[in-house]
Amino acid sequence: MRPMLKLQGIAVSPGVTIGEALVLDSEGFRIPRRFVARSAVDTELERLSKAVAETAMEIARNRDAVHAELGEQYAAIFEAHLAMLHDERLQQELISAVRDRNWWPEYAVSRTLRRYAKVFQGLDNHISQRAHDIYDIEKSLLRNLLGQRRETLAAISQPVIVLAHNLTPSETANLDRRFVQGFATELGGPGSHTAIVAEGLEIPAVVGLGPFLADVSGGEPVILDGNQGIVILQPDEETIARYRLELEAAKTVAVGLSLLRDLPAETLDGVRVQITGNIEFPSEAQQCLSRGCDGIGLYRTEFLYLTSPREPTEEDHFAAYSEVVRAMPGKPVVIRTLDLGADKMRTATTPEEERNPCLGLRSIRLSLRQLPQFRTQLRAILRASALGDVRVMFPLISTIVELRQARMVLADVMEDLAEHGIAFNRTMPVGMMVETPAAVMMLDVFIKEVDFISIGTNDLIQYTLAVDRGNKDVADLYNASDPAVLRLLQRSLDVAREAGVSANVCGQMSGSVMYTQLLLGLGLRQLSVPPSSIPEVKQVCRSVSVAECRVIAEKALSMDGAQEVKAYLRDQLRRLLAQAVALCDTAV
Ligand code: PEP
Ligand code: MG
């Protein structure tokens, strides 16, 4: 057996899990050595033969198109590809690799065709060029095999820990929570939307591990530690036992925290803090409620695109919003308009190719260019406002013109609804997200034209520090503790307070208890956090006094480096921890 291998990645969704590895691959990187269970050989052979047939069809289509455009001579290239693909010896080798050696079809294709290609490459004449043709065939076969990856994900029927090169937000959203205990990926950064979905679905996850799949064949034991960002392949008995103890301890803490559900998030010196939930899917509203939230502070509506194969209609929007509003009687629900583009869902309306998608046509910019889509969403939000305390919020506002245009469209849609006698709340509060340094610098102007603000630290950190939130290679530079970020937060909260406008922080930072004291000390009284973070954040709020938090915030603001701030905040949390556990016990 291979020795234990401990890998360090980026922790993006908390929780520890121990299970069996399932490896998922994609085109363009090494296919690891994996084996097929004897009972699955026939199914896998069928999959292989289907991929061969699909590849042959693709090649034939290309041949016919090229024949029509360029003539027979060029079409002959594809004729040769077809002949190679159907070569009797090659086909027998592939089948025997799966049937007799129990190789995974992807591995059989990759190994066999690469061996053929190497033979051609070794020939010192024009025939060596044929190696490229073989790589082409390998690529198409793998694409057709791995194209069934979605089905592979959907077909998971036993508990596994998914190990993948990368997972898109949509693949993550479609993971079957009953069987997928956790996932780890080679790519991905701390603020990516895959990470956000994982946290929403409460699937422990580690991303940005770098290349490691070549060391896994699938089926072996794995420990995934989503709290520390650690993945352990082939753990030894001692390590498994240690983690099992940790899991037991976590269960006890969770029971203690669940008892806080009906208690208010009130500090020791009597300041009431509002803790609302961030959701991506309507079903998460119940999870927030069962943890004692004060409402929904951020509903990321763009995730509607994940669950619908087509452009959502007004009724799709309305059905989703009303489900959330009905689940939150008497509590606020902040619905954010579509924040499409960048690393989120790309749709028919998002540009095909952008050099810098995070700086491109995303979010409110896209909505303002796609008015019919924007109006459809606003109509649904307004209709939902007749059912409860709905508030609307515009993402990524960077200029006053964008804010005014968005408000104008909203006013126009209101008129439309009124003309048709459709019920809505004419005084529905309108807010904006503060996610760019420009928005912070101009906040004294914006604040006069909104009812509330919500600080999106995920993007604010990205744009302030010029660090891609989804890139593992600069993940160490993506830091909520950076003094520049703290100063922007301080300024935003000061401006909002002076204007008497309510402010919350809805970036991932507000769900991390390391920052709770700092944020309270900066004057924040509303935190919008992922559902799983509600109990812990509430516990910290109930364990501190605002007076102490102010001292902590002042001290942090006086520091000049992110690492110094982080170490200080970590110390402050540690100091609080023993005391907080004791308080939790006395509260019940
Ligand atoms: C943010 O940027 O902090 C935020 C909450 O929005 P999102 O993560 O959806 O971009
Ligand atoms: Mg954002």
Side-chain angles (χ1 to χ4, degrees), residues 12-13 168-170 172-173 188-201 207 275-281 284 288 296-306 334-346 350 357-367 377 391-398 402 406 431-440 452-471 478-482 485-486 488-489 492-493 503-512 515 519 524 526-531 533 537:
V12 290
S13 181
T168 62
S170 118
T172 310
S192 64
H193 288 93
T194 292
I196 288 170
V197 177
E199 198 166 13
L201 296 175
V207 302
I275 303 180
T276 53
N278 291 347
I279 61 168
E280 289 75 42
F281 310 102
E284 287 177 272
C288 294
I296 299 299
L298 170 66
Y299 177 7
R300 291 182 165 101
T301 57
E302 56 280 2
F303 284 84
L304 269 175
Y305 282 81
L306 284 186
V334 177
I335 304 181
R336 182 177 71 180
T337 61
L338 294 173
D339 188 15
L340 294 165
D343 78 320
K344 287 212 189 119
M345 281 52 61
R346 307 187 70 74
T350 40
C358 288
L359 305 180
L361 194 55
R362 63 167 289 208
S363 201
I364 192 69
R365 303 169 185 179
L366 191 62
S367 292
Q377 179 174 35
R391 306 168 186 194
V392 67
M393 175 161 77
F394 301 122
L396 204 77
I397 294 288
S398 315
E402 285 166 342
M432 64 172 267
M433 290 202 66
V434 176
E435 305 187 89
T436 62
V440 178
F452 64 94
I453 62 162
S454 185
I455 307 172
T457 45
N458 302 340
D459 276 316
L460 187 60
I461 297 167
Q462 158 166 274
Y463 294 124
T464 303
L465 303 177
V467 178
D468 179 349
R469 60 194 268 191
N471 183 343
Y478 184 89
N479 209 326
S481 302
D482 196 283
V485 175
L486 302 195
L488 291 171
L489 276 170
S492 307
L493 294 171
N504 84 21
V505 170
C506 63
Q508 301 298 97
M509 176 184 191
S510 64
S512 160
Y515 294 107
L519 292 171
L524 188 71
Q526 295 177 20
L527 292 98
S528 199
V529 308
S533 304
V537 173

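When a ligand or atom number is given, it counts from 1 through the structure's own listing order. Owing to the predicted nature of the structure, the values given are computational and were not obtained by experimental measurement.
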*Going by atom types alone, do Gln526 and Thr276 pair a side-chain donor with an acceptor below 3.5 Å?*
no

*Taking only heavy atoms of Ile196, which atoms of ligand 1 are found under 4.0 Å from at least one of them?*
8 (O)

*For Arg469, take its heavy atoms, then give the atoms of ligand 1 lying under 4.0 Å from any of them.*
2 (O), 7 (P), 8 (O), 10 (O)

*Close-contact set for ligand 1 against Met433 heavy atoms, below 4.0 Å*: 4 (C), 5 (C)

*Evaluation steps, side-chain contact (heavy atoms from CB on, under 4.5 Å), between Asn471 and Tyr478*: CA-CA 9 Å; Asn471 183 343; Tyr478 184 89; over 6 Å; no

*List in chain and number order the residues that pass salt bridge (charged side-chain N to carboxylate O under 4.0 Å, His left out) with Glu435, two or more places apart in sequence or in another chain; answer none if no residue qualifies.*
none

_Side chain, backbone, both or neither: the part of Arg336 lying under 4.0 Å from ligand 1 by heavy atom_ = side chain

_Is the contact between Leu298 and ligand 1 made by the side chain, the backbone, both, or neither, using heavy atoms and a 4.0 Å cut-off?_
side chain

*Against heavy atoms of Asn458, which atoms of ligand 1 measure under 4.0 Å?*
1 (C), 2 (O), 3 (O), 4 (C), 5 (C), 8 (O)

*Is there an N/O/S atom in Glu435 at a distance below 2.8 Å from the Mg ion (ligand 2)?*
yes

*At a 4.0 Å threshold, what atoms of ligand 1 neighbour a non-hydrogen atom of Arg300?*
4 (C), 5 (C), 6 (O), 7 (P), 8 (O), 9 (O)

*Shortest non-hydrogen contact between Asn278 and Glu284, atoms and distance*: O-OE2, 4.1 Å

*side-chain hydrogen bond (donor to acceptor under 3.5 Å, both in side chains) assessment of Thr457 paired with Gln508*: CA-CA 7 Å; Thr457 45; Gln508 301 298 97; over 6 Å; no

*Heavy-atom contacts under 4.0 Å between Asp339 and ligand 1: side chain, backbone, both, or neither?*
side chain

_Distance alone, cut at 3.5 Å: any donor-acceptor contact between the side chains of Ser528 and Asn504?_
no

*How far apart are the C-alpha atoms of Leu340 and Tyr305, what are their side-chain angles, what is the distance that settles it, and do they pass the side-chain contact (heavy atoms from CB on, under 4.5 Å) test?*
CA-CA 9 Å; Leu340 294 165; Tyr305 282 81; 3.9 Å; yes

*Any N or O on Glu435 sitting closer than 3.5 Å to an N or O of ligand 1?*
yes

*asked:* Treating Thr464 as the side-chain partner and Ile461 as the backbone partner, does any N or O pair qualify as donor plus acceptor under 3.5 Å?
replied: no

*For the Mg ion (ligand 2), what is the closest N, O or S atom on Asp459?*
OD2

*Heavy-atom contacts with His193 under 4.0 Å: which atoms of ligand 1 show up? List them by number with element.*
7 (P), 8 (O), 9 (O), 10 (O)

